[in-house]
Amino acid sequence: MTAFPEKLNKPYEPANTEARIYKLWEESGFFNPDNLPARHQEPFTIVMPPPNANGRLHAGHGLTIALEDIMTRYQRMQGKKALWVPGADHAGFETQVVYEKKLEKEGHSRFKMDRKELYDEIMAFTLESKKHMEADVKALGASCDWSREKFTLDPSVVSEVQETFRKLYRDNLVYRGYRTVNWCTKHQTSLSDVETETVEKNDKLYYIKYGPFTVATVRPETIFGDVAIAVNPNDARYKEFIGQTVEVQHPEGKLSLVVIGDEEVDPEFGTGALKITPAHDHNDFRMSETHKLSRVEVIDQFGKLNDKTGKYAGMKVAEARIKVVEDLQTLELIEKIEDYAHAVPTCYKCDTTIEPRVMPQWFVKMAPLAKLASDAVRDGKIKFIPDNFEKIFLYWMDNTMDWNISRQIVWGIQIPALVCRSCNVGVLYEETIEGSECNCGGTFVCDTDTFDTWFSSGQWPLLALGYPKSQDLSFYPTDVMETGRDLIFKWIPRMVIFGLYLKGEVPFRTVYLHGMVNDKHGKKMSKSKGNVVAPNELTGKYGADALRIGLVIGNTPGNDIALAEDKIKGYKHFCNKIWNASRFVLTNTTGTTLDTPRPALTPRDEEILTELNTAIISITAHYENFRFHLAGEELYHYFWNTFADIIIEEMKPRLLGDDEVSKKAGEWVLLTILVVNIKMLHPFIPFITEELWEMLPKENKQLLIIEPWPKPF
RNA sequence: GGGAGAUUAGCUCAGUUGGUAGAGCAAUUCGUUUACACCGAAAAGGUCAGAGGUUCAAGUCCUCUAUCUCCCACCA
């Protein structure tokens, strides 16, 4: 009856079993909900946040995969029609940056390459990297349905994303605006607000004598683009000047500037008088709209001063600033210079200071869409775990600005639009033909810009389920969106908005946000610090099971986790404990199988079963309420400290004794507890539990992955 | 300038609805008991940041303070 002992070699070696078990699952087809037994009716759906296809998985992905697989496996065993859709993200700007670095190393530059050539090269690179990423996901034991895998550049996805743009355009929710955008002078593209990072900088605040005023500025080099001086309308010092035109001097000549009164000017700051440069400052730009001011561009796309600046033309901003200040000092126009600490937006990828530029770009009108999302959340249609993220979400939705969705890079989904070469107006590609004439007399040409990555990934829950036609939309709205807490702004709001806008339903009912996975001292992992721990190294060393349970236990939602290798090692010991306890039970209960009816039990046996029931109820409740760290901990302690240390030890004399009745009862109790534990541990440590399940004595046994969840006895 | 989180054993962290503190790792002592030394047994270790308050009862709820971390922010 027992074919197992040879297999139960000691100690447990994950490397020998994981690949084999994963293959077994894949071949069973049970990752695909369509193949599950008929009793699995009610859907449970998670759409995987698509990892970037440009590299391998990092530790944060490990936690994502672990948590989502725990949820999926649990719900599958609970009899749900469980679907977990995997994916891969082309990650537009991110990938382009990765590839540019590669080109730089090889002495190339994307700016010297043909569009198509560059796109094809990045595509080849991405598709190759994608394979490694997928292998990492599989190595972690992810029970996702690979037959439904989507890539954000699949043709069907691309056309649907473009269709969404057309719909927004027709609904007057997307427009081509001529506004200041966040321009990265290194990467030569605009960036959305969430793609910039503000860093504290110590600069100087220059007080410049400016006609009858003294103005305070950190950017004297933009003086050539000044069109006005702004003061607060209630400021008694300057009131009389409002509406007048004053003459001011700068190193290259004189300017006539109108004095405007604007409530936004803080009389307390600096001198209370402010120079207005609409082409190079977000705030000044807005005032220029209110007061109908002209805009004079003096800095070009490379961050150099242009020919409107006389002798400064061609200088970079930093250099020009020094020169202009020197020359102003010579002219005795600098009143004083103060040290000034302030926050400056930079490109989140290269730290280059963002140069605000006025450019024609596509924008999504956020206010009406954000309202859809915040209303849905206020109505309780989406639950946040932990719940304080609801407040953060709502604050952001109530204070949103229009979203710049056009990027001047080739790697991404092209915007289906035509723009006029002379007046820069934009129209839909399908409505107007390339080369036709604009009302202004100019010619329409294809817009070469691509979408912000978050424009496509924002539609991910729908796209992953084959929107708009697929039958898989019966899985929408999905149950859980599990992702890193850093995506609360970048990604979550866009998905809620697009879900509601396109389908009229929220994309998910629960948002579960995990914290960042840091190094063992709680410090952020980074390549430069050399403290990066990759999941594939840890799975190789300790096994995927140990990594999974080690990542989840002791980690509460929303809070960061310190990933100590010793901890993972500790859980490898736990796996070994399970292995050995199972070995003992299996070799000492050969007279009993899982099909043996419940024998007469001793009072102590009944007590043990009552205790087991309590554990089942408690652990199941933890699973149901997303308290996976508690489920894991309780399983750990029940198995080790109660089952192995007490119950098994207590049973030894009975198993070795002559009382056959007592022996049979003991065998039955041990096997029963073992099976319940193997099942309840399965979502955390799927490989070792499936391997052990395979060795359990039972008639007509199927895979553990579809075994029903244990119920109290 | 706003907001969130954290402050519990040497280290990293749990502690779900309030009921006299827990885990992993580390450290101590003992034990080669035929599942497991990737083990077992035993012991040690914390005025739960501080101060008030509510309560029969507070690590857990309320207020304030201190320190740290992170996020958001177009006062030049």
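Being a predicted model, the structure only gives us computed values, none of them experimental. To find a chain, count down the sequence lines: A is the first, B the second, and so on, and within it residues start at 1.
- Nearest-nucleotide positions on RNA chain B for His622(A) and Val218(A) put His622(A) closer to the 5' end.
- The C1' atoms of A6(B) and G15(B) are separated by 15 Å, rounded to the nearest whole Å.
- The C1' atoms of U17(B) and A42(B) are separated by 36 Å, rounded to the nearest whole Å.
- For A51(B), the paired nucleotide is U63(B), the pair qualifying as Watson-Crick or G-U wobble because both relevant distances are below 3.5 Å.
- The nearest whole Å value for the distance from the OH atom in Tyr638(A) to the C1' atom in G22(B) is 20 Å.
- Remark: His629(A) is in phosphate contact with G15(B), judged by side-chain N or O atoms under 4.0 Å from OP1 or OP2.
- Heavy-atom distances to RNA chain B give each of Arg286(A) and Lys391(A) a nearest nucleotide, and the one nearer the 5′ end belongs to Lys391(A).
- The nearest whole Å value for the distance from the CG atom in Asn580(A) to the P atom in A35(B) is 10 Å.
- OP1 and OP2 of A73(B) both lie 4.0 Å or more from every side-chain N or O belonging to Thr198(A).
- In this structure C13(B) sits in a base pair with G22(B), meeting the Watson-Crick or G-U test at under 3.5 Å.
- One C1' atom belongs to U55(B), the other to G19(B), and the distance between them is 12 Å to the nearest Å.
- Across all strands shown, C72(B) is found opposite G1(B) as a Watson-Crick or G-U wobble partner, with both distances under 3.5 Å.
- When the side-chain nitrogen and oxygen atoms of Lys652(A) are compared with OP1 and OP2 of A35(B), one or more of them lie within a distance under 4.0 Å.
- For G40(B), the OP1/OP2 oxygens have a side-chain nitrogen or oxygen of Trp640(A) closer than 4.0 Å.
- Partner of Val364(A) under the side chain to side chain contact (heavy atoms under 4.5 Å, CB included) criterion, chosen from Asp402(A), Asn404(A), Leu369(A): Leu369(A).
- At the phosphate of C75(B), neither OP1 nor OP2 sits under 4.0 Å from any side-chain N or O atom of Tyr340(A).
- With hydrogens and angles left out, the side-chain atoms of Thr277(A) and Asp226(A) include a donor and acceptor closer than 3.5 Å.
- At least one side-chain nitrogen or oxygen of Lys577(A) sits closer than 4.0 Å to the OP1 or OP2 atom of G40(B).
- Glu633(A) places its CD atom 18 Å from the P atom of U12(B), with the value rounded to the nearest Å.
- The same atom, C1', is picked in G22(B) and in A44(B); the two are 15 Å apart, to the nearest Å.
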